[in-house]
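Reading through the structure tokens given below for one structure.
As the structure lists them, so they are numbered: ligands from 1, and atoms in each ligand from 1. Remember, predicted model here, so these are calculated numbers, not experimental data.
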Amino acid sequence: MTEALYELTIHDALADMRRGEFTAVELTQALLERITELDGTVKAYLTVTAERALDQAAAADARRSRGEDAPLLGVPLAIKDVLATKGVRTTCGSRILENFVPPYTATAVARLEEAGMVMLGKTNTDEFAMGSSTENSGFFTTRNPWDLNRVPGGSSGGSAAAVAAQEAVAALGTDTGGSVRLPASYCGIVGLKPSYGRISRFGLVAYGSSLDQVGILAKDVRDAALLLTIMAGHDRCDSTSLSHPVPTYTSALIDDVKGLRIGLPKEYFIEGMQPEVETAVRAAVSHLESMGARIVPISLPNTDKALPVYYLVAPAEASANLARYDGVRFGYSAGAGSMFENFRQSRGYGFGPEVKRRIMLGTYALSAGYYDAYYLKAQQVRTLIKQDFERAFEEVDVIACPVAPTTAFKIGEKADNPLEMYLSDAFTITLNLAGMCGISVPCGFDQNNLPIGLQLIGPHLGEEVVLRTAYAYERTTTWHERRPNPAPVEQS
Ligand code: GLN
């Protein structure tokens, strides 16, 4: 059976276009048609840039017909709407930026465009990337293509749903505490969070600046490695971007894990987690062992402190970062008479409840008299969490564990209980606090046919070993080949 064009991976689509089997315009049209057919149901996109995409695709075809090539020439991707795109509305899922059109493009996106990408549009997200389900979007909730009554995960839920529903070949997300890996796991695709500083944050609207990192949502590990190679590397516009040389990550993809030491942290298999998740992850680890890896039981003793630390550090940074939305310089303005009244009304209307909660938490943690007790203490414990990982990586090459304690939950199930919602990040936030890298790869399904993700964690700048392990696993399993079949719902 021949595959429909929208079903292709990046590497297959490129190979086919290079052979002249179809054009970038045809591929882009196939994806735009898929979006038209399904996105009324899945709701992955906040903005679809159809005309712009077709222009970019035609330009890619013209380049190819002149004998030129580029690493992504004519490949249609989706971009999470927290990454600035010149001339294209960038909302961050917030009403305060509903009509904001940035005057510049994020470096990560610019590098993809220089490599020949076609941008299909901007995807839905929890407001300012704060959330785990996309229910905190100021506009609408994205649906999980495997079960439309469930969340796709968050905050990059729009990007994950778009890739899983094959409304984009791959997508960019961002990961401050799990926002790439969690939705990848809930949607049954690959999600890569690179090490802090590996990809420039210039033009990524700041949430928690010491945690934020651009990440990748893809159909397979090869596509993730390709996109990382294109985007990684120093950028003079972001002083925290690292100048370490960028390997060709696709060359790390050897499907051999013989002798690799894989750590299994006991703190990531906890009471109360969904038994099918534990079973699937343990089976994946045994699979890697049968391929020649050595499994080493390890301990990351400060894991239980990660959630409280994260929910001090992230809101503290967010409260400072979000001060710029003042109803004066850009974004929504209530136009009220006095300055303070205008602040109050603009921010009161523009921000949703979760963002307000984070601003209050963060402002409190940073306030005089509480700073030492909360923010400073959290930073100290953060160091302990980082040291846990550093010690573990003296003994092992990579760490294997679940991405999340459960599979995708129902829309509304946790919406009224922020603490419950925060718990879905228990296994993902640790490595943001430590600056490490990690990936989510599909490793099974539960009895409701919902995907389960295996998380592989590597040391700082250890992307190659993470990608290699994930690739070896993927090459010898078929979980990543399964796709959901979301039926279009008639719109009344
Ligand atoms: N769910 C976490 C939060 O709400 C992580 C979000 C993210 O990684 N952007 O902060």
- For residues Tyr422 and Tyr310, establish whether the separation of their ring centroids is below 6.0 Å.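 Centroid distance Tyr422-Tyr310: not below 6.0 Å, so no.
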- Task: Answer with yes or no after comparing the ring centroid distance for Phe445 and Trp146 against a 6.0 Å cut-off, counting only values under it.
- Result: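 Yes - the distance between ring centres of Phe445 and Trp146 falls below the 6.0 Å cut-off.
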- Item | Partner set under salt bridge (charged side-chain N to carboxylate O under 4.0 Å, His left out) for Glu113, not counting sequence neighbours |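 Partners of Glu113 by the salt bridge (charged side-chain N to carboxylate O under 4.0 Å, His left out) criterion, ordered by chain and then number, come out as Arg52.
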- Message: Test of understanding: with ring-ring contact (aromatic ring centres under 6.0 Å, His included), list the residues that count as partners of Tyr325, not counting sequence neighbours.
- Response: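 Scan of Tyr325 (ring-ring contact (aromatic ring centres under 6.0 Å, His included), adjacent residues dropped) gives Phe128, Phe330.
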- Query: Who pairs with Tyr473 by ring-ring contact (aromatic ring centres under 6.0 Å, His included), at least two apart in sequence or on another chain?
  - Reply: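 So Tyr473 forms a ring-ring contact (aromatic ring centres under 6.0 Å, His included) with His287.
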- Residues in contact with ligand 1, criterion: heavy atom under 4.0 Å: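 The answer is Ala129, Met130, Gly131, Ser132, Ser155, Asp175, Thr176, Gly177, Gly178, Ser179, Tyr207, Tyr310, Tyr311, Arg358, Asp425, counting any residue whose heavy atom sits under 4.0 Å from ligand 1.
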- With Asp175 as reference, evaluate Lys193, Arg181, Arg198 under the salt bridge (Lys or Arg N to Asp or Glu O under 4.0 Å) test and give the passing residue.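 When salt bridge (Lys or Arg N to Asp or Glu O under 4.0 Å) is applied between Asp175 and each of Lys193, Arg181, Arg198, only Arg181 qualifies.
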